[in-house]
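First comes the structure, then the notes that go with it.
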Amino acid sequence: MDLTVNDQTHTLDLPADMPLLWVLRDVLNLTGTKFGCGVAACGACTVLIDGEAARACQVALADVWGPVTTIEGLGTPEAPAALQAAWIRHQVAQCGYCQAGQIMQAAALLAENPAPSDAEIDEGMAGNLCRCGTYSRIRAAIHDAASQMREA
Amino acid sequence: MSRAGKITRRTLLVGSIAIAGGVAFGVWKVRQPVANPLSPPDGVALNPFLIINGDGVTLVSGRAEMGQGAQTTLAAMLAEELDLDWDSVRVIHGPAADAYYNAALLEAGLPLAEYGMRDWQHSVAGAMGQLGKLFGLQITGGSTATRDGYARLRHAGASAREALKAAAAERLGTTPSALRTEGGAVVTADGRRIPYGDLAEAAAQRTPPQVEPRDPSQWKLLGRSLPRPDMQAKATGTAIYGVDIRLPGMKFASPRMSPRLGGTMVSFDPAAAMALPGVEQVLDLGDGVAVVATNSWAAMRGAEAVEIEWGPAPYPPTTEAIFERIEAAFDGRRNSRMRNDGNAARTLDNAAQVIEAEYRLPFLAHSTMEPMNATALYTDDALELWSPNQTPMVQARAAASAVGLRAEQVTVHTPFLGGGFGRRLEADFSVLAARVAREMPGTPVQVVWSREEDMTHDFYRPGIIARMRGAVANGQAQAFEARIAGPSVMHQAGRRMMGLPLAGPDKGHVEGAFDQPYRIPNYRVEGYLADLDIPVGFWRSVGNSHNGFVHECFIDEMALAAGRDPLEFRLDLIRPESAVAYRVLEAVGEMSGWGAPKEPGTGRGVAFTWSFGTPVAEVVEVRDENGRIRITRAWIACDMGRALDPSIVQAQMESGLIYGLSAAVMGEITFADGEVQERNFPDYDALRMHNTPVIETRILENQPRLGGAGEPSTPPSMPALANALYDLTGTRARELPLNRHFDFIL
């Protein structure tokens, strides 16, 4: 089975029903995508599949419908993506565990809506839980990244 | 692993190679210096908080980073005195070691209300705080990291700086006073720079100079909002948490322990689990099983597939029966009466009007985003642990004793914590990892819990019943009596963590009620401990989380009975007791426009709690939207003496409030058939972006001493919300969670 992650294609011999989350974390060692609940209730495992936000814990390997982008593929410490740079400027993360999922969800949101309102951000991000309560800074960082991306 | 992580690992693995002058110095006010646990192979550890090598300076934190930002502020204390460029600062978590004992936490153990402590009491408390060294209490908790580090780390940094200058002076044939420090180097009058790395060996040979840290007026880093050193990694998915540890040949395992907490396993059948792809072993742990597999998914599915018969729970099987047991504590011996001003009983007996209320608060889970886990490698005479934890020495001791080793044979690495909130003070996850690893010597194994296993095997915030009586006359409080019943966190934890049978009055059980700066002429607070074997633990703000609620809801009830405005009533009671607290309360009134008329269809509530050294007042606003309730806004005023990093303080204040509101609105752990019924986020959710209020925070700096940041905003959030709901609806909620009584927009 072939799986493309962050522009790299892997040929894998794994159970077809293995969730993408665990393929990423335990097989490909891409640990930026996090395990939070296993039932698509917290958003910590959010990745992009063909540009669309998906909960990797609920997508079986055989059902992956396109190329996968994880937090590692969005940007790197040396060359962060606009959203990641905004996250750093706004000092969003506390424990940070949910933030990869938050950022990937925000990436999907901005791809669809380059200038979201507060209400649209709230709606788009409602599936992502943060137990540290970093929500106000997440919202500010999304607005900031959106304006940077529009100017770019 | 990150580069910094490798430094720690190498340090520990080659611990027998002593460095020149590898002695502790700059450790503040400890008569017998504790041993410096650091011995880097290619650098110099000037003291337990500092490694200098050719690459620069690495600051070693004795406290875990679980989101609270402590590692940033602790690093800033050292960097301030050492004149390091902030951009160059690297921080790692140190090993489990006596040197990182937490003196502030021990000080907090004195049976005194913190707001009223006199200077001599602080100095006695400081002496008692040295007990931390004996106990080896290297704890990240109690909102103590910055309070504990403030003097020690600035002294350590100043001492190291002067040693480096002295070494440079000797080399250059001049005096230290002719030299200055800047950007990680000693600089001469004519501008020559000698990097610290070139001086460290020589500096370590010197007797550490004792110098006072700089006056705050000279600070360049402290007191400012600094970029957190962990931020870039956390925004790019490169930060390493416990579950991200990957070692060569590592296996994955997942536990399934009795859902009747502390109960036995009667029998199990591993067949269904063994049939799953990826499952390699089902280990019999006696009180449960662990399924070892090639990946976490197979391990978790396998654990679920094992057929198990469990024995009964060692506590009453239902929530109702558990609360009956808590209620029975009122009939038993009183554990404490830590406040007893005037004569509350006589005043209440003779009062014309007595207000009485009973509050019932549920058990709560910590629900960290990162489920419990630890990774372990057992060899016959050693255990290496990668454990996201708040208590490295407790982890080492507990894991060692579980596998028949001595604590000195255990190496503890502390990666980032995906949330702590007190859950990771416990050592159960490290113990499980150690027990699994012992069954497979030489093979590293990551033991990761499913969310369901995590939520149903917590050390819960205790369920509580509080019986309150109050009397008011002429608009003033005459008497306040609180009797609080529940299981004791401290008594359980003392046995669990230190093997000490703690007895006597339990301060934590009544904190947040007995120690508040209210001048009420007849004021009594009593604690009653329930005999209950449900595991209970330290939930963000601990006793304050329930007592802050009952105290502040009942003060509201008294204010309204007295025909007074709840904020004015509080201001009157607090003014004669604490000017610092008064100004906090006054500030939140001003911020929230308390005096101005409310918008129609809105309600407002105020609450105040002094906890972890920091007085915090909060106002919450709720709005009726077509019969459903939205929490619209919240205001926080706090005073921790000095805000060492205002951005982090603000983040912690918001965080604590949201954590509290989440619990107040929807948090509840219930029991049936001895088993916890809430298993995952759909059953035990929290506020999300769309239902979190807009929050405004003001940081005051009137207090003469430093206070904590991580917890004190949690206690007042819950009563402020309940008081706002009363203001809006006229319904007084005396049970939590509030969604039992109110229809929130969630």
| Which heavy-atom pair separates A:I103 from B:A235 by the least distance, and what is that distance? | CD1-O, 3.4 Å
| Top contributor to chain B interface from A:A41, A:P77, A:P19 [non-hydrogen pairs under 4.5 Å] | A:P77
| said: So for B:M300, is it side chain, backbone, both, or neither that comes closer than 4.5 Å to the heavy atoms of chain A? | reply: side chain
| Quick one: of B:G278, B:A298, B:P371, B:G69, who has the most non-hydrogen atom pairs under 4.5 Å with chain A? | B:P371
| said: Under 4.5 Å from any heavy atom of chain A, what part of B:L226 do you find: side chain, backbone, both or neither? | reply: backbone
| note | Okay, A:L129 and chain B: the region with an atom under 4.5 Å from a heavy atom over there is both
With 3.5 angstrom as the limit, list the donor-acceptor pairs from chain A to chain B, or say none if there aren't any.
{"residue": "A:R25", "atom": "O", "partner": "B:R246", "partner atom": "NE", "Å": "3.3"}
{"residue": "A:R25", "atom": "O", "partner": "B:R246", "partner atom": "NH2", "Å": "3.3"}
{"residue": "A:R25", "atom": "NH1", "partner": "B:D244", "partner atom": "OD1", "Å": "3.0"}
{"residue": "A:R25", "atom": "NH2", "partner": "B:V243", "partner atom": "O", "Å": "2.6"}
{"residue": "A:R25", "atom": "NH2", "partner": "B:D244", "partner atom": "OD1", "Å": "3.0"}
{"residue": "A:D26", "atom": "OD1", "partner": "B:R246", "partner atom": "NH2", "Å": "3.0"}
{"residue": "A:D26", "atom": "OD2", "partner": "B:S296", "partner atom": "N", "Å": "2.6"}
{"residue": "A:D26", "atom": "OD2", "partner": "B:S296", "partner atom": "OG", "Å": "2.6"}
{"residue": "A:N29", "atom": "OD1", "partner": "B:R246", "partner atom": "NE", "Å": "3.4"}
{"residue": "A:K34", "atom": "NZ", "partner": "B:D244", "partner atom": "OD2", "Å": "3.0"}
{"residue": "A:G36", "atom": "O", "partner": "B:R451", "partner atom": "NE", "Å": "2.8"}
{"residue": "A:G36", "atom": "O", "partner": "B:R451", "partner atom": "NH2", "Å": "2.9"}
{"residue": "A:C37", "atom": "O", "partner": "B:N680", "partner atom": "ND2", "Å": "3.0"}
{"residue": "A:A41", "atom": "O", "partner": "B:R688", "partner atom": "NH1", "Å": "3.3"}
{"residue": "A:A41", "atom": "O", "partner": "B:R688", "partner atom": "NH2", "Å": "2.8"}
{"residue": "A:P77", "atom": "O", "partner": "B:Q232", "partner atom": "NE2", "Å": "3.0"}
{"residue": "A:Q84", "atom": "NE2", "partner": "B:A235", "partner atom": "O", "Å": "3.1"}
{"residue": "A:Q91", "atom": "OE1", "partner": "B:R228", "partner atom": "N", "Å": "2.7"}
{"residue": "A:Q94", "atom": "O", "partner": "B:R228", "partner atom": "NH2", "Å": "3.3"}
{"residue": "A:Q94", "atom": "O", "partner": "B:K234", "partner atom": "NZ", "Å": "2.7"}
{"residue": "A:Q94", "atom": "OE1", "partner": "B:Q652", "partner atom": "NE2", "Å": "3.1"}
{"residue": "A:Q94", "atom": "OE1", "partner": "B:S655", "partner atom": "OG", "Å": "3.4"}
{"residue": "A:Q94", "atom": "NE2", "partner": "B:A651", "partner atom": "O", "Å": "3.4"}
{"residue": "A:C95", "atom": "O", "partner": "B:K234", "partner atom": "NZ", "Å": "3.2"}
{"residue": "A:C95", "atom": "O", "partner": "B:Y241", "partner atom": "OH", "Å": "2.6"}
{"residue": "A:G96", "atom": "O", "partner": "B:Y241", "partner atom": "OH", "Å": "3.3"}
{"residue": "A:Y97", "atom": "N", "partner": "B:Y241", "partner atom": "OH", "Å": "3.3"}
{"residue": "A:A126", "atom": "O", "partner": "B:R688", "partner atom": "NH1", "Å": "3.2"}
{"residue": "A:G127", "atom": "O", "partner": "B:R688", "partner atom": "NH1", "Å": "3.2"}
{"residue": "A:R131", "atom": "NE", "partner": "B:S367", "partner atom": "O", "Å": "2.9"}
{"residue": "A:R131", "atom": "NH2", "partner": "B:H366", "partner atom": "O", "Å": "3.0"}
{"residue": "A:C132", "atom": "O", "partner": "B:S655", "partner atom": "OG", "Å": "2.6"}
{"residue": "A:Y135", "atom": "OH", "partner": "B:L687", "partner atom": "O", "Å": "2.6"}
{"residue": "A:S136", "atom": "OG", "partner": "B:E654", "partner atom": "OE1", "Å": "2.8"}
{"residue": "A:R137", "atom": "NH1", "partner": "B:S647", "partner atom": "OG", "Å": "3.2"}
{"residue": "A:R137", "atom": "NH2", "partner": "B:S647", "partner atom": "O", "Å": "2.7"}
{"residue": "A:R137", "atom": "NH2", "partner": "B:S647", "partner atom": "OG", "Å": "3.3"}
{"residue": "A:R137", "atom": "NH2", "partner": "B:Q650", "partner atom": "OE1", "Å": "2.6"}

| Can you say whether A:I121 sits under 4.5 Å from chain B via the side chain, the backbone, both, or neither, judging by heavy atoms? | both
| task | Using non-hydrogen atoms and a 4.5 Å limit, figure out which bit of B:A239 sits close to chain A: side chain, backbone, both or neither. | result | backbone
| remark: Looking only at heavy atoms, the pair that brings B:F681 and A:G36 closest together is CE1-O, 3.9 Å
| note | Assert top hit (heavy-atom pairs under 4.5 Å, partner chain A, pool B:G420, B:G418, B:G656) equals B:G418
| Is it the backbone or the side chain of A:V92 that comes under 4.5 Å from a heavy atom of chain B, or both, or neither? | backbone
| task | Supply the atom-to-atom distance B:I658 CD1 to A:C130 SG, rounded to the nearest 0.5 angstrom. | result | 7.5 Å
| field | Contact origin within B:P277 toward chain A - heavy atom pairs under 4.5 Å | value | side chain
| field | Counterpart residues, side chain to side chain contact (heavy atoms under 4.5 Å, CB included), relative to A:T9 (two or more places apart) | value | A:D2, A:T4
| message | Quick check on B:M66 against chain A: is it the side chain, the backbone, both or neither that has a heavy atom closer than 4.5 Å? | response | backbone
| message | Counting heavy-atom pairs closer than 4.5 Å to chain B, which one of A:G32, A:G133, A:G96 comes out on top? | response | A:G96
| remark: Okay, A:P15 and chain B: the region with an atom under 4.5 Å from a heavy atom over there is side chain
| remark: One option among A:C42, A:P80, A:A100 has the most heavy-atom pairs under 4.5 Å with chain B, and it is A:C42
